[in-house]
Structures are given as C-alpha cells and as structure tokens.
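What follows is one structure encoded as structure tokens, with my remarks underneath.
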There are 2 protein chains.
Amino acid sequence: MADKIDRRQLKTKQALRKALMELIEEKGMEGLTVTDISTRADVNRGTFYLHYRDVHDMVSQIKAEILEAVDQLMQQVDIYELRMCAAKETTYPGMVRLIEELERNGDFLKIILGPKGDPGFGMTLKAMITKHIWGKMVSHQAMKEFLVPAEYLLAYTTSANFGILTHWIESGMKQTPTEVARILMRIIYHGPMHALNLD
Amino acid sequence: MADKIDRRQLKTKQALRKALMELIEEKGMEGLTVTDISTRADVNRGTFYLHYRDVHDMVSQIKAEILEAVDQLMQQVDIYELRMCAAKETTYPGMVRLIEELERNGDFLKIILGPKGDPGFGMTLKAMITKHIWGKMVSHQAMKEFLVPAEYLLAYTTSANFGILTHWIESGMKQTPTEVARILMRIIYHGPMHALNLD
DNA sequence: ACGATAATCAACGCTTTGTCCATTATGATA
DNA sequence: TATCATAATGGACAAAGCGTTGATTATCGT
C-alpha cells in the first residue's frame, strides 16, 4: 500500500483497466484475450504480465476490490435500526450508503452481473447478504417450528432482495439509491403481498 | 427429426456429450477445449466439427434442449389451479412435473447454474418464470396502486422462487420434487412471514 | 544527476484452433 | 448379401494466442 507511488505503474494499470472495461462491454467476457487488452490499452503485451497473471486474474482483482468495499458496508448494518426505520417508513441510512457504493461501480456491476458476466460474483454477493443481514434475522427468531426448512426461507429472502438490486442495476439504475432503499424496505418489512396492496 | 437414424452419429454425439459433462464437472466451463472433449470421448477431433461449430455451440444446444422442455411445462401451468391447490394445502401436479424435469437434468443444471456456469441460462429461466407465472398473476390483479413499482415486485417474486429452485439444485437435490413443490407453494401463497410462523 | 525499475521490442517454443484431404469403416436399403 | 452413401479417421496446414525471456530504452524517485 505504501510503495505504490510509481506513476508508471499506475498509468499502465489504469490504461489496462479502461481497456478491459471497454472490451468487456463490446464483446463480453468470453474470448477476452491478453493481446486484445494490451493492444487496446496501447501497452506492450509483455507489460501486462508484469501486473497480472492472466485475464482471469485481472478481473478477479477488480471483483475483490468491490466485494471488499461492499462487505465492509454490510458489516455496519444494524438490524435493529433497520427494522425501526422500516416500521417508521423511513429509509435506513446504512442501506442507502450500501446502494450508493453499488451505484459507484455501476458500469462494472452491470456487466459482471449480466448474462455474460460471472455467476460466482453474484453468488458471493448473495452469500454476503445472508451472512450479514438475513442470516442474523432468522437466527434471531426463537427457533419456532418453521413451515418450511429454514435454509429455503433464507434462499427465498436473500434471492428476493438480491433480485431487486440486480434488477435496478440491469435496468439502468433509473432510481436513486434512496428510492431503491425505500422499495427494498417496504417489501422486506411488509412482505410482497402487502406491497401489492391486497390486504 | 425424421432422418436422424444413423447410429454412428448418435453414438459419437452421445460420447461427446458424456465427455463434455465429465470435463465440465472436473474443470468447469473455463478453458474447455475441443481437443479435450474429443480426446476424452475417444473421437477424432475433426469429427467434433462435423457436429458442432465449437465448444460454445455444443453447450448452447444442450441448454436449448432443456429450456425448450421447461418452457413447454411452464406453458401448461394453470394459475387458477395453482392457487386452488395452494389454498387447499395440496401440491399442484403441474409444478411437480416441472420440478421433475429439472431433476432429470440435475447434473447439467447444477453446473450451468453454479458459480462457474452460465449466468445467461439462469436469466432465461427467470424470464420464463416471469412470463408464464408471475407475470400473469400480477397482470391479473386490477391495477391498484402498488406501494412499489410493479417491475420491482416482479423482480422480487421471480428471483425468490428461482432462488428456492437453485438452492435445491445446488445443495444436491435432497428433497423430492413433491417436497420442493410444497415448500414453494407455501411460501408463494402465504408469504415468507407466515412461513416463519410469526403471525 | 544518478541509480532503480517500469516499459518496450523482438523472438522463442508451445498449444489450440478451424479447415482441408484421402482413406477406411459402418449403416441403410434393395 | 451386395452395394451405395456417408460418418468417422488420421494427418497435415496456417493462423492465432499464450507465457516467457533477454537486451534495450524511458521514466521515476530521491
């Protein structure tokens, strides 16, 4: 962290990263080649190998950065506050911050979560949601007799909320993070049926 | 369809397909090579090209077959019967049939829906669920004022149910199709909160 | 200004690809 | 069963990408 001050490395890394994003957007992840990336970045092919082992390694590093940031923000979520805010029909600030972080990486996420992206990334995100949010909620309940196995309930809620977020991202992030947070909280707290206004 | 009676073609196709599944299971989709497949299948590499354009094309054909079958079964789902069965706490036969079809292709689905699989396949499946089941349900409701945009409600319910199915597949299909159908119908009809037994 | 090191350039052997061809083996059919 | 059609084989081809190397040049930090 301390000795990454050489501008030459930064410049080529930025160039490579920019080229990667462009190429992924144009042709998807499939058949993405080192030659392509370095050519597009106007960087010698050999130089690529001074920074990354291969294409997969490069993409992995970017994914790791984003996952790290998201994990930190999720860790700070307080379930009690979350429920309180939901009851009061206000948006929980921690959730807004989380969604803002997603928005910040919108271009990459849209691709990596899209049809030509990396399913493993989405699964890791889902696992985070379970770990930090829904897992805690369910375990908090006194272990009553569930009508369905707890693991399936977790799969349900986690997928549902993840689905909302990916829909937002894939449909072009037309709502503000605050609006998305409100949608999420309403469905989370009141359930989908109530959101349908059927009660 | 009528002129596919040459056993030679069938045999090599089967061999190639078997080899593909084995290799995917061992090394994932990444770096899957024509040479690998034909070698494993004990088939001349040139012969591969008599049947498929490349690896991607081969996988696509298998995906298409499964999607075709699933689509047909979904098309036959009758929402009214589905709701009736849910109310009576019985399992809707059409849904069981659907899940049985998934079970039949379990080995392939587990890989294609897994972390190294093809995200596009899952998205297509989700789109089918929306089209055949949840889309109809929501559009059936008189268009009341939803508390959240309808598209997000669809994203929620579709992802949720898809999440249950994938969890079942990824965790090794330990429940019978009938059991999964019951889990699905309970959560669908009563909502996740009721499934938690919190009412 | 100088030493360190990042980036370049050219070349290497290697693997896979997709496409040939002539030849052999096998299935369908009369 | 004999015959014709065609599926599969084996071998070769150029093209492309890979990962690495060594000598050289350019740029950075101090």
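Note that this is a predicted model, so its numbers are computed, not measured.
Side-chain atoms of B/Arg7 lie closest to C/dG27 of the nucleotides C/dG27, C/dA6, D/dA7. Comparing C/dT16, D/dG29, C/dA7 against the side chain of B/Thr33 picks out C/dT16 as the nearest. Minimum atom distance to the side chain of B/Asp54 is reached by C/dG18, of the listed C/dG18, D/dT6, C/dA7.
In terms of modelled atom types and a separation under 3.5 Å, the side chain of B/Thr158 and the main chain of B/Ala155 share no donor-acceptor contact. For A/Tyr92 (side chain) and A/Val77 (main-chain N/O), no donor-acceptor pair under 3.5 Å exists by modelled atom type. Without hydrogens or angle criteria, A/Ser159 side chain to A/Tyr156 main chain gives no donor-acceptor distance under 3.5 Å.
The distance between atom CD of B/Gln9 and atom C1' of D/dT6, rounded to the nearest whole Å, is 9 Å. For the pair B/Asp6 CG and C/dT29 C1', the computed distance is 12 Å after rounding to whole Å. Atom CG of A/Leu10 and atom P of C/dT5 are 17 Å apart (whole Å). The CZ atom of B/Arg8 sits 8 Å away from the C1' atom of C/dA25 (whole-angstrom rounding). Rounded to whole angstrom, the span from the CG atom of A/Asp42 across to the C1' atom of D/dA26 amounts to 15 Å. Atom NZ of A/Lys13 is separated from atom C1' of C/dA7 by 15 Å (rounded to the nearest Å). When the P atom of C/dA25 is taken as reference, atom NZ of B/Lys11 falls 14 Å away, rounded to whole Å. Atoms CG (A/Leu16) and P (C/dA6) sit 15 Å apart, rounded to a whole Å.
Around CG of B/Asp42, the count of heavy atoms belonging to other residues, nucleotides or ligands within 6.0 Å does not exceed 12.
Distances shown here put a side-chain N or O of A/Thr12 below 4.0 Å from the OP1 or OP2 atom of C/dA7. The phosphate of C/dT17 has OP1 or OP2 within less than 4.0 Å of a side-chain N or O from B/Thr35.
Close placement of the A/Tyr52 and A/Phe48 rings is indicated, their centers lying within 6.0 Å of each other.
For the contact set between residues 43-53 of chain A and DNA chain D, defined by any heavy atom under 4.0 Å, the members are A/Arg45, A/Tyr49.
The pair B/Arg17-B/Glu65 meets the salt-bridge criterion, since a charged nitrogen lies less than 4.0 angstrom from a carboxylate oxygen. The pair A/Glu101-A/Arg104 meets the salt-bridge criterion, with a side-chain N (NZ, NE, NH1 or NH2) lying under 4.0 Å from an Asp/Glu carboxylate O. A salt bridge is defined here as a Lys NZ or Arg NE, NH1 or NH2 lying under 4.0 Å from an Asp or Glu carboxylate O, and B/Glu89 with B/Arg182 fails to meet this definition. A salt bridge links B/Arg40 with B/Glu26: at least one charged nitrogen is closer than 4.0 Å to a carboxylate oxygen.
With the 3.5 Å cutoff on both pairing distances, Watson-Crick and G-U pairs in DNA chain D assemble into runs of at least 3 at C:1-11 with D:20-30, C:13-17 with D:14-18, C:19-30 with D:1-12.
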